[in-house]
Amino acid sequence: MAQDAQRFDIVIAGGGNAALCAAISAAERGAKVLVCEAAPKGFRGGNSRHTRNLRMAHDAPTAVLTDSYAEEEYFDDLMRVTAGRTNEHLAKLAIRESKHIADWMAARGVRFQRSLGGTLSLSRTNPFFLGGGKALMNTHYLRAAELGVEVRYDTEIVGLEMKDGFCRGLELRARGFKDYVETRAFIAAAGGFQANLEWLEEAWGPAARNFKIRGTPYAKGGLLKLLLAHGAAQIGEPDQCHAVAIDARAPQFDGGIATRLDCVPFAIVVNKHAQRFYDEGEDFWPKRYAIWGRLVAKQPEQIGFAVLDSRAFELFMPSIFPPEVSDTIEGLADKLSLNPAQLRATVDQFNAACAADEDVAPAVHDGRRTSGLSPDKTNWARPIAQPPYYGYPLRPGITFTYLGVGVDEAARVGMADGRPSGNIWAAGEIMAGNILGQGYLAGIGMTIGSVFGRLAGENAAKSLRN
Amino acid sequence: MTMSRSETATTARLQSETRDTSAVKEARRTMEICNACRYCEGYCPVFPAMERRRAFSLVDLDHLANLCHNCKGCWYACQYAPPHEFGLNLPKTFSQVRSESYARYAWPGGLGVLFERNGLWVFLLTALMMAAVMIGSALLISPEVMTSAHRGEGAFYAVIPHETMVLLGGTAFGWAILAMVIGAARYWRASGASGVRFAHVLQALREAATTKHLGGAGDGCNDVDERFGVGRRHMHLATMWGFLLCFGATSVGTVMHYLLGWDAPYPWFSAPVLLGTVGGVLLTIGTAGLFALKIQADREPADVGRFGMDYALLALLNFSATTGLALLFFRHTSAMGWLLAIHLGFVLALFLSLPYGKFVHGVYRTLALVRDVAEREQET
């Protein structure tokens, strides 16, 4: 194309953890790298900005992890949450490589800490980034700058120049203007399509209009569409995603971790008709919170309401928005726009079905359950009887979508015809669906991004020698 | 300890203060968001202290704000900092709350107003002190004495009589100490801290003496931008210890004068001169370093509106130290007379402004650390 186009060895689309792991590992091998981040600098880092840990196999306690977490156990956990919908080969690769990822990052300035307050259940499996994902990304960007990686913000890929199965050039839209760069290899690490509400609506129908997007508004899936249009193999279902129940008052985008609600196991959750619809006490919240997004999404108007009393109020992490409060159930129903008589009936029915009015034991499956309800609450059930009463509205909060491009064990993108692409690699959410067919395991998204980011950067850099 | 009736009333007033300023409201909103996020837990004691609470009274916010060492780690790590719509800016917000707390606990209460536009007030005070010593010297001391070289014991007092120096310095310093002690007592009573033992005080003093919490989690502070560094910590240590050594030099000198009857100037290898020289050099370097870091640092997380207060203290400490060192080096020359007057002018301005300027951060931060150490222990 243009005679004077700038030439890079490797262009990377995306600016999150996967993209920067790729950029760093490629630049450390001497490649001339350009990172195109669609967001402005203040919002750089994609969803990684909102993350806090990754899931890592290890054979012995470390400075920030207790005990051990064997590869086999990790794999079993993954098989359980995905119900087997995973590429076992790639899953095992990610798990095996997860063992080295924290050391690799630490050698590049990333600092880890023990699991945060309120996340004890992750202390064995997930090292936390000191300061969280934005601090992680700051460190990555500093390291990339040291290595001479060029980063362009407000810059997204809007066209691929393909020749004989190879990507030779990229059309960019940079700060509102068109641009073009030539490249010898291309790494797609631009996230899922969760921020593209029209695309979500294609998969979910009108229900998608009531979804909140927990992370970056820049993950619109434009690059994913381009790759699929150029014949990349599609992986995953469009309605599969990581979704949790979050505070309905959260902003449409970017609410992040603080908008989550941890009250569900100590509450009852009703729909807009003030009816319960699922066992709130099925398991510890960290093990269950990732199913509640879909549960609420299936309710009328995609809304739920957690209702609890003053005795349950201090059992969970504080919420970002204050709860609705009333001294009566009817008063609370009014504030939540629920039918007061119906909520009263649901609470009375629940209270009558509780075995005893005793303190619940949040740290264990305490077996304090209801009987005769449909559905029953099987742990931490106690009558909602001590005013004031509190209520929180819940909406589905989408973290990221799983539909993506297929990759091989080198992180190279596969084509729909079964051949590997010439010089396109992928890492992060855009290919996480290879491992996550459904369900979620806390921290595995960052593991996939880190492992495949490194692999993509390494292999793309190696390919330059040929 | 018995409290006067008016101090009891003051404590009650400080505790029941409900007119939240916009900075206090913002600090409360921020803490409620932070408490639902907690990513910064590993940076400093503020976040674990926050996690011990679910609601944040004005007194709690004063405590947390004074516990904050302004390392800015949380600003660079914050997923909710601007341009995010939540727009959190904890270092800046806490700096504002801190400054307001200095004013609220100040004694006499009316002088709390000096924390507003502090740089201007301290500048005016310094100019006034400088003019006073200059005019006083010119009027009271003969030009020959002022501009001739003096040697031997009592040489300084040949220029400015010892009684005059003690009266000026002692009164100014005594006032400063009294005002800060009363301010500290007000702060402590209002905080309602309980269960504090001597061991907690010792531990807090250790943490203050080493500026432990300017250490981040090993990488230091965000001195100027998103990079971590130990520059600010080192410069702060130099400033703090430089000041303490100079204070030590004065104390030792006082003892030598009154108990041993030995008049200044003292020889090079005497305790006051050694302490004062090392202290003066540390103060000069430390304050210059802090100033340099401050003017380079990112403006966004900074409470730029209060920079005057910071610059005022840095400047007074620096000028007191450099004029003191100059006095030491040129004490046997004819410049001594005017150098002594200038040094005295800066020192008087420094002393008088201590309770009404940035210096009090050391008092309240140490008290906040004492309370925090006690809380940490009560938790385990």
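Fair warning: this is a prediction, and the values are worked out from it, not measured in the lab. Below, read A as the first sequence line, B as the second, and so on, with proteins coming before strands; counting in each chain starts at 1.
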Within a radius of less than 6.0 Å around CH2 of B:Trp241, do more than 12 heavy atoms belonging to other residues, nucleotides or ligands occur?
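Open: at most 12 neighbouring heavy atoms sit under 6.0 Å from CH2 of B:Trp241.
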Side chain, backbone, both or neither: which part of B:Arg227 has a heavy atom under 4.5 Å from chain A?
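It is both, since atoms from each part get that close.
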Would you mind telling me which of B:Cys34, B:Cys40, B:Cys78, B:Cys74 has the largest number of heavy-atom pairs within less than 4.5 Å of chain A?
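Max contact count across the listed options: B:Cys78.
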Where do A:Arg260 and B:Ala36 come nearest, in terms of heavy atoms and distance?
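Between these two residues, the closest heavy atoms are NH1-O, 2.7 Å.
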Nearest heavy atoms of B:Ala77 and A:Ala135, plus distance in Å:
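Closest heavy-atom pair between B:Ala77 and A:Ala135: CB-CB, 3.9 Å.
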From [atom1] ([X]) to [atom2] ([Y]), nearest 0.5 Å:
{"X": "A:Ser319", "Y": "B:Ile33", "atom1": "OG", "atom2": "CD1", "result": "11.0 Å"}
{"X": "A:Asn47", "Y": "B:Gln79", "atom1": "CG", "atom2": "CD", "result": "10.5 Å"}
{"X": "A:Ile320", "Y": "B:Asn35", "atom1": "CD1", "atom2": "CG", "result": "11.0 Å"}

Do A:Arg111 and B:Phe228 form a cation-pi contact, if we require the NZ or CZ to be under 6.0 Å from the six-membered ring centre and within 45 degrees of the ring's axis?
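Ring-cation test returns no.
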Geometric cation-pi criterion, B:Arg54 with A:Phe316: 6.0 Å, 45°
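Yes, B:Arg54 and A:Phe316 form such a contact.
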Would the distance check show the side chain of A:Asn138 and the main-chain N or O of B:Tyr76 forming a donor-acceptor pair, the cut-off being under 3.5 Å?
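Yes, the answer is positive, given that a donor and an acceptor are paired below the 3.5 Å cut-off.
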Below 4.5 Å from any heavy atom of chain B, which atoms of A:Thr216 appear? Answer side chain, backbone, both or neither.
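No part of it gets close to chain B.
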Tell me, side chain or backbone of A:Thr51 under 4.5 Å from chain B's heavy atoms, or both, or neither?
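For A:Thr51, the backbone is the part near chain B, not the side chain.
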Are [X] and [Y] packed together at the side-chain level, in the sense that at least one heavy-atom pair is separated by less than 4.5 angstrom?
{"X": "B:Glu41", "Y": "A:Phe128", "value": "no"}
{"X": "A:Ile257", "Y": "B:Tyr80", "value": "yes"}
{"X": "A:Leu142", "Y": "B:Glu226", "value": "yes"}
{"X": "A:Pro318", "Y": "B:Arg38", "value": "yes"}

Please identify which of these residues, A:Arg52, A:Lys134, A:Gln113, meets the side-chain contact (heavy atoms from CB on, under 4.5 Å) condition with B:Tyr39.
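Going through the options one by one, the only one that passes is A:Arg52.
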Which one wins on heavy-atom pair count under 4.5 Å against chain B: A:Pro40, A:Gly45, A:Gly255?
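Ranked by contacts with chain B, first place is A:Gly255.
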Begin from the C-alpha positions of A:Phe321 and B:Glu32 and carry the test side-chain contact (heavy atoms from CB on, under 4.5 Å) through to its verdict.
CA-CA 8 Å; A:Phe321 300 106; B:Glu32 283 166 1; over 6 Å; no
